[in-house]
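In what follows, a single structure is set out as C-alpha cells and then discussed.
What you see is a predicted model; the values in this text were computed from it and never measured.
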Amino acid sequence: MQEQYVTVAGEGVHETEVSRSRFLCALAPAATEEEARAFIERVRARHPGASHNCWAYVIGTDGGVQKSSDDGEPGGTAGLPMLQMLDRRGIRYAVAVVTRYFGGTKLGAGGLIRAYGGAVGEALDAVGCSVRQRYRLVTVTAGHQRAGRLENDLRGSGRSVRDVTYGAEVTFEIGLPEADVEDFRRWLADATAGTARLTLGGEAYGTV
C-alpha cells in the first residue's frame with residue numbers, strides 16, 4: 001500500500017461557461033467503481049435535459065482503474081481530457097461528471113478538450129482536495145476507571161480516535177502511522193500504568 005494519496009475533499013459542483021455553453025462539473029470521492037457509477041447516475045438524474053453528461057473516474061491508490069465516457073461528444077474530446085486532468089493532479093478514488101448545456105456555438109475538438117479538462121481543473125480548485133495517509137489500526141482496551149482520562153489524553157495528543165465502544169471494558173480504535181506504533185505502545189504503558197491492552201489490526205487510510 002502507498003503511504004498516502006490525494007482525493008477530492010467531498011462532493012461539490014462548480015460551473016464554468018464557454019461560448020454560452022454551461023459546463024457543470026460535479027466531483028465526489030468514490031471508494032469503488034460501484035460508488036463512482038452510482039454518483040454518475042445521480043448526476044444524470046438531476047440533469048435530464050442536458051446535452052451531455054460526460055464522466056471520468058480513477059480508483060486505486062496507484063490509479064489502476066481509470067475509465068471515462070464522452071457521452072455523445074466527439075471521441076476523445078470530453079471523458080479523456082477529464083481523466084487526464086484528474087491524473088495530472090494526482091487524484092485517486094474520485095469521480096467527475098461534467099454536465100453540458102449547449103449554448104448554440106460549436107467549440108470544435110480543441111475547444112471541447114480545453115472546456116472539459118478545464119471544467120474539472122477549476123472544480124478541483126473550488127471544491128478542494130485532501131490527503132489520505134496510510135495508518136495502522138490498533139485497538140486499546142482499558143477499564144472504565146481509566147477510560148475517561150485516557151480518551152482525553154488520546155484526543156488531546158492529536159491521535160486519530162476512530163471509534164469508542166463501552167462494554168465490560170472500554171475499547172478505542174485508533175489510527176497510527178506505522179512508524180509511531182512502538183512509541184505509542186510505550187506511551188500507553190506509561191499513561192495507564194501498564195493496565196491497558198493494545199491489539200494491532202489491519203491498515204486503512206485516514207485524512208491527514
| query | Are Leu24 and Met82 linked, directly or through other ILVMFWY residues, by side chains that come within less than 4.5 angstrom of each other? | reply | no

| field | Minimum heavy-atom distance between Cys54 and Ala78, given as atom pair plus value | value | SG-CB, 3.6 Å

| message | Taking transitive links into account, so neighbours of neighbours count too, which hydrophobic residues share a cluster with Val170 at under 4.5 Å side-chain distance? | response | Val138, Val140, Leu150, Leu154, Val161, Val164, Tyr166, Phe172, Ile174, Leu176, Val181, Phe184, Trp187, Leu188, Leu198, Leu200

| task | Mind running side chain to side chain contact (heavy atoms under 4.5 Å, CB included) on Glu203 and Arg134 for me, showing each step along the way? | result | CA-CA 7 Å; Glu203 295 180 335; Arg134 183 166 65 94; 2.6 Å; yes

| query | Can the ring centres of Tyr93 and Tyr5 be said to be less than 6.0 Å apart? | reply | yes

| said: Is there a side chain to side chain donor-acceptor pair (under 3.5 Å) between Glu73 and Tyr116? Walk through the geometry before answering. | reply: CA-CA 11 Å; Glu73 293 281 30; Tyr116 278 99; 2.6 Å; yes

| query | Is Arg114 atom CZ crowded by more than 12 heavy atoms from other residues, nucleotides or ligands, each under 6.0 Å away? | reply | no

| task | Indicate yes or no: at least one non-hydrogen side-chain atom of Thr165 is less than 4.5 angstrom from one of Asp163. | result | yes

| So how far is it from Ile91 CD1 to Cys129 SG, rounded to the nearest 0.5 Å? | 3.5 Å

| field | Tyr101 side chain near Ser21 side chain, heavy-atom distance below 4.5 Å | value | no

| field | His144 side chain vs Gly167 backbone, donor-acceptor pair below 3.5 Å | value | yes

| Taking it one step at a time, do Asp153 and Arg149 satisfy salt bridge (charged side-chain N to carboxylate O under 4.0 Å, His left out)? | CA-CA 6 Å; Asp153 288 346; Arg149 171 74 178 274; 3.4 Å; yes

| For Ala142 against Ala196, the heavy-atom pair lying closest together | CB-CB, 4.3 Å

| task | Compare every heavy atom of Gly79 with every heavy atom of Asp70, then report the nearest pair and how far apart it is. | result | OD1-N, 2.8 Å

| Does any non-hydrogen side-chain atom of Glu122 lie less than 4.5 Å from one of Met85? | no

| request: Please examine the side chains of Arg89 and Asp125, heavy atoms only from C-beta on, and report whether any two atoms are closer than 4.5 Å. | output: yes

| field | Donor-acceptor under 3.5 Å (Asn53 side chain, Arg44 main chain) | value | no

| Do the side-chain N and O atoms of Arg146 and Thr192 include a donor-acceptor pair separated by under 3.5 angstrom? | no

| Just by distance, do the side chain of Glu151 and the backbone of Ala147 share a donor-acceptor pair under 3.5 Å? | no

| query | Going by atom types alone, do Arg100 and Ser51 pair a side-chain donor with an acceptor below 3.5 Å? | reply | no

| Any link between Leu107 and Leu80 through a network of hydrophobic side chains (Ile, Leu, Val, Met, Phe, Trp, Tyr) touching at under 4.5 Å? | no

| query | So Lys67 and Arg37, side chain to side chain contact (heavy atoms under 4.5 Å, CB included) or not? Walk me through it. | reply | CA-CA 10 Å; Lys67 294 184 180 178; Arg37 291 187 176 277; 4.0 Å; yes

| task | Using the rule that two of Ile, Leu, Val, Met, Phe, Trp, Tyr join whenever any of their side-chain heavy atoms come within less than 4.5 Å, decide whether Val131 and Val127 are in one cluster. | result | yes

| Verdict with supporting geometry, Arg162 and Glu173, salt bridge (charged side-chain N to carboxylate O under 4.0 Å, His left out) | CA-CA 5 Å; Arg162 300 164 63 94; Glu173 186 181 78; 3.5 Å; yes

| Closest contact, heavy atoms only, Glu169 versus Thr141 | OE1-CG2, 3.5 Å

| query | Any chain of hydrophobic side-chain contacts (each under 4.5 Å) joining Ile113 to Val18? | reply | no

| said: Contact between Glu3 and Gln133 at the side-chain level, heavy atoms closer than 4.5 Å - yes or no? | reply: yes

| remark: With Arg92 as partner, the option from Val8, Asp87, Val65 fulfilling side-chain contact (heavy atoms from CB on, under 4.5 Å) is Asp87

| message | Can you see whether Tyr57 engages Glu33 through a side-chain donor-acceptor pair at a distance of less than 3.5 angstrom? | response | yes

| Inter-residue atom distance Asp180.CG - Arg185.CZ, 0.5 Å rounding | 13.0 Å

| field | Gap separating the CZ atom of Arg136 from the CD atom of Glu178, nearest 0.5 angstrom | value | 4.5 Å

| task | State whether a side-chain donor-acceptor pair under 3.5 Å links Arg132 with Thr7. | result | no

| task | State, with a plain yes or no, whether a side-chain heavy atom of Val95 is found less than 4.5 Å away from one of Leu27. | result | no

| query | Among Arg46, Arg22, His47, which residue meets the side-chain contact (heavy atoms from CB on, under 4.5 Å) test with Thr99? | reply | His47

| request: Would you check if Asp71 and Trp55 make a side-chain contact, meaning some heavy-atom pair closer than 4.5 Å? | output: no

| Where is the tightest heavy-atom contact between Ala30 and Ile59, given as atom of each residue plus distance? | O-CD1, 3.4 Å

| remark: For Gly63 and Val58 the tightest heavy-atom approach is CA-CG1, 3.7 Å

